[in-house]
Amino acid sequence: MTRLVIISNRVSAPKGSESGAQGGLAVALQSALRQYRGVWFGWSGEQTDHFTGDINFHRNDGVTTATIDLEEQDIDEYYNGYANRTLWPLFHYRVDLAEYERDFAGGYQRVNERFAETVQPLIEAEDVVWIQDYHMFPLGDELRKRGCKNRIGFFLHIPWPPRRLLSILPEAQELVRRMFAYDVIGFHTEEWLESFMDFARLEMGATVEDGVVTLGDRSVRVLACPIGIDAPEFADLARSVVARLTYRRMRDSADGRDMIVGVDRLDYSKGLEERFLGYERFLVEHPEERKEVFLLQIAPPSRGAVGSYQRIRNTLESLSGRINGAYADVDWVPIRYVNQGYGRDTLAGIYRASKIGLVTPLRDGMNLVAKEYIAAQDPEDPGVLILSRFAGAAAQLGEALLVNPYSAEEMSDAILKALRMDKDERIRRWRACMDSIEQQDINWWRETFLSALMATEMPATSAAA
């Protein structure tokens with residue numbers, strides 16, 4: 001059986017329990033590794049005084065992980081710098097927040113070289129290599145330079161920006177050129193896929209035919225392959241003991257009021273400020289609903305060393321405080337704002353107890369919270385998903401209430417519509433969304449991408465530098 005080697009920026013070791021507070025990608029990759037014999041390689045998240053390349057192997061719950069530590073300069077320039085202060089904001093259309101520093105680009109290149117040098121000895125002749133996300137754009141090319149002739153695939157979990165936007169990046173053409181070292185590149189949506197092909201064709205002279213993009217003597221197959229969740233597993237999780245206790249706790253604390261829930265990493269791309277303002281517009285326009293509803297926003301902090309993340313946290317704390325101060329009463333507050341993460345089973349119970357799931361990112365590659373919210377619902381009395389039309393999930397979940405997150409009016413109207421929606425319509429919309437989630441689930445995503453990758457011919461020679 002062909003072995004699978006997954007490479008990503010961070011490696012999340014299994015907790016031995018599905019209740020662990022792990023992200024959707026971590027759960028998805030662990031699922032792939034349980035089916036295919038192999039290893040998950042990446043950064044441990046730890047810092048070392050001097051980079052050694054020493055690998056820490058760990059095996060738990062059927063998953064083997066291999067991690068390395070990085071130096072402080074690596075973390076500052078590669079991770080906090082180029083990945084999260086240059087690529088992340090630019091690829092999420094936040095040109096105003098993107099920073100371009102040569103040291104950032106140099107650190108990004110250096111760490112990808114270190115990854116390639118360290119992981120290359122672990123890759124066996126018949127292995128299939130699957131590289132994940134924007135931290136690792138040049139890694140395939142670095143592996144080719146070192147003689148790797150394996151099939152190598154790359155999956156991008158964030159949006160790919162339009163051609164004119166990507167052109168702002170000083171290294172844009174070099175970044176795209178190096179991606180032709182891959183055999184298969186996957187995107188969540190046709191929109192992101194078309195943006196990549198558009199740049200390669202119009203800015204670099206590549207040709208496109210039948211899903212294959214050719215630049216010089218290198219061709220790469222591209223496909224749209226939206227990541228999913230294990231819907232039956234998450235539905236079962238919503239019926240677990242922890243989820244049922246959480247459901248009861250939330251219903252008791254709601255005291256007969258309808259709960260709106262948002263669960264997002266604390267990030268400016270998630271549209272949290274716009275969400276609070278849209279909810280405030282609802283409170284202003286519908287004062288009769290004020291004490292009948294509340295918003296629970298769960299937003300665990302992330303990337304605290306990056307200034308833009310510190311600013312969004314300060315903004316949200318100020319905004320939630322102002323809204324609560326303006327509209328709260330002695331027996332009711334409109335927003336419960338929580339800055340900590342919860343296990344998946346606890347979240348499943350919270351989702352099931354909520355009348356509305358509010359998932360309104362300004363731009364998102366996919367957004368698995370939207371899918372988990374749907375999977376957690378009671379089929380006989382489901383809640384309503386309000387979803388940003390700019391999330392990748394909107395392409396699959398067309399029966400959610402789709403909104404423009406920049407429009408407070410649209411958000412206010414959608415909240416009112418969801419609160420007043422009759423049960424038959426709620427069930428119909430939920431069923432259509434659930435059907436999509438069940439058909440294109442995590443197994444479909446994995447097999448669709450890996451089938452395309454394994455169907456490619458083994459490269460005869462290494463890619464040009």
Are [X] and [Y] close enough for a salt bridge, meaning some N to O gap below 4.0 Å?
| X | Y | result |
| --- | --- | --- |
| Arg313 | Glu273 | no |
| Arg239 | Asp236 | yes |
| Asp381 | Arg426 | yes |
| Arg177 | Glu171 | no |
| Asp441 | Lys371 | no |
| Glu101 | Arg85 | no |
| Glu233 | Arg344 | yes |
| Asp435 | Arg431 | yes |

Can you check whether [X] reaches [Y] side chain to side chain, under 4.5 Å on heavy atoms?
| X | Y | value |
| --- | --- | --- |
| Phe41 | Ile6 | no |
| Trp130 | Val5 | no |
| Arg102 | Glu77 | no |

- [ ] Give every residue pair that meets the ring-ring contact (aromatic ring centres under 6.0 Å, His included) criterion with at least one member in residues 271-294, sequence neighbours excluded.
- [x] Phe276-Tyr337, Phe282-His286

TODO: Under the side chain to side chain donor-acceptor pair (under 3.5 Å) rule, what do Gln297 and Arg275 come out as? Steps first, then yes or no, please.
DONE: CA-CA 10 Å; Gln297 178 60 57; Arg275 184 180 307 171; 2.8 Å; yes

Whether over 12 other heavy atoms sit under 6.0 Å from [X] [atom1]:
| X | atom1 | result |
| --- | --- | --- |
| Glu409 | CD | no |
| Glu209 | CD | no |
| Arg389 | CZ | yes |
| Arg248 | CZ | no |

- [ ] Would you please say whether a donor-acceptor pair under 3.5 Å links the side chains of Arg311 and Asn314?
- [x] no

- [ ] Check whether the side chains of Ser412 and Glu285 place a donor and an acceptor atom closer than 3.5 Å, and report yes or no.
- [x] yes

Open item on the list: What verdict does the side-chain contact (heavy atoms from CB on, under 4.5 Å) test give for Met250 and Leu296, after you've listed the backbone C-alpha separation in whole Å, the side-chain angles of each residue and the deciding distance to 0.1 Å?
Closed with: CA-CA 10 Å; Met250 297 311 304; Leu296 170 64; 3.8 Å; yes

